[in-house]
Amino acid sequence: METFGERLRLLRIEQNISQEMLAQKLNISKSTVSMYERNERQPSFTTVINLARLFGVSTDYLLGMKPYDRGGNGVLTEASLSSEEVEYLREQLNLYRTHIRKRQR
């Protein structure tokens, strides 16, 4: 069974986020992130909730209570997408907005 630290590390790497970037997003130190990933320190409830929101997973998943459901809850977050997926969606949204503006004229 994967530990909290292992799951955190996998999510961070999957999202191509460095420890330093994650630390900045959570307003904690890089060494704290590193200690979480090595299971040398446990995060607060608030941090677990923030991590779940950031990565688009449940707190149960982070805490090892259930497997990762890649189908998720139907909510897309920027953190749950790769940078290529985010860019693609932005481009598609811009095309759609241009189409709507032309249609409204």
Side-chain angles (χ1 to χ4, degrees):
M1 182 169 159
E2 292 175 329
T3 65
F4 170 83
E6 290 167 334
R7 288 184 175 201
L8 175 59
R9 183 175 184 277
L10 287 172
L11 287 169
R12 182 181 60 74
I13 290 170
E14 187 177 89
Q15 296 297 318
N16 198 30
I17 299 173
S18 68
Q19 285 184 342
E20 186 172 332
M21 288 169 54
L22 181 58
Q24 289 174 354
K25 288 177 185 264
L26 297 172
N27 200 29
I28 60 177
S29 70
K30 179 184 172 215
S31 65
T32 298
V33 171
S34 179
M35 286 188 280
Y36 290 162
E37 290 185 1
R38 292 190 315 263
N39 294 299
E40 294 175 357
R41 184 171 176 181
Q42 297 300 311
S44 68
F45 291 133
T46 302
T47 300
V48 172
I49 291 167
N50 289 338
L51 285 165
R53 287 181 179 149
L54 178 71
F55 290 115
V57 298
S58 70
T59 55
D60 281 352
Y61 169 74
L62 280 173
L63 298 173
M65 301 302 294
K66 71 178 201 172
Y68 185 27
D69 177 9
R70 292 202 180 270
N73 57 6
V75 176
L76 286 178
T77 63
E78 190 168 336
S80 69
L81 302 169
S82 70
S83 58
E84 291 84 11
E85 291 169 324
V86 169
E87 183 58 31
Y88 174 79
L89 290 173
R90 283 188 178 132
E91 289 171 2
Q92 293 305 308
L93 182 57
N94 285 333
L95 287 172
Y96 174 75
R97 288 176 175 163
T98 300
H99 172 74
I100 294 298
R101 280 193 298 267
K102 285 180 181 178
R103 205 168 70 182
Q104 290 174 345
R105 289 183 194 168

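With sequence neighbours left out, the side-chain contact (heavy atoms from CB on, under 4.5 Å) criterion links Q92 to Y88, L95. Annotation: side-chain hydrogen bond (donor to acceptor under 3.5 Å, both in side chains) contacts of S18 (sequence neighbours excluded): none. Contacts of E2 classified as side-chain contact (heavy atoms from CB on, under 4.5 Å), with partners at least two apart in sequence or in another chain: E6, R7, L10, Y61. Taking I13 as the reference, R9 meet the side-chain contact (heavy atoms from CB on, under 4.5 Å) condition, with sequence neighbours excluded.
No side-chain N or O of T46 forms a donor-acceptor pair with one of S44 less than 3.5 Å apart.
Heavy atoms only, all atoms of each residue included: G5 and N39 are closest at N-OD1, 3.0 Å.
Judged as a salt bridge (Lys or Arg N to Asp or Glu O under 4.0 Å), the pairs with a partner in residues 30-44 (not counting sequence neighbours) are, in order, R12-E37, R38-E40.
Annotation: side chain of F45 is not in contact with side chain of T59 (no heavy-atom distance under 4.5 Å). A 4.5 Å side-chain heavy-atom check between L51 and F4 finds at least one atom pair inside the cut-off.
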Would you give me the side-chain donor-acceptor pairs under 3.5 Å for residues 98-105, sequence neighbours excluded?
residue: T98; atom: OG1; partner: N94; partner atom: O; Å: 2.9
residue: T98; atom: OG1; partner: R101; partner atom: NH2; Å: 3.4

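Hydrophobic clustering of Ile, Leu, Val, Met, Phe, Trp and Tyr side chains at less than 4.5 Å, counting indirect connections, keeps L62 apart from M35. Both M65 and Y36 belong to a common hydrophobic cluster when Ile, Leu, Val, Met, Phe, Trp and Tyr are linked at side-chain heavy-atom distances under 4.5 angstrom.
For the side-chain contact (heavy atoms from CB on, under 4.5 Å) with L54, the lone residue among L22, L11, I49 that qualifies is L22.
Annotation: the span from E20 atom CD to Q24 atom CD amounts to 5.5 Å, rounded to 0.5 Å.
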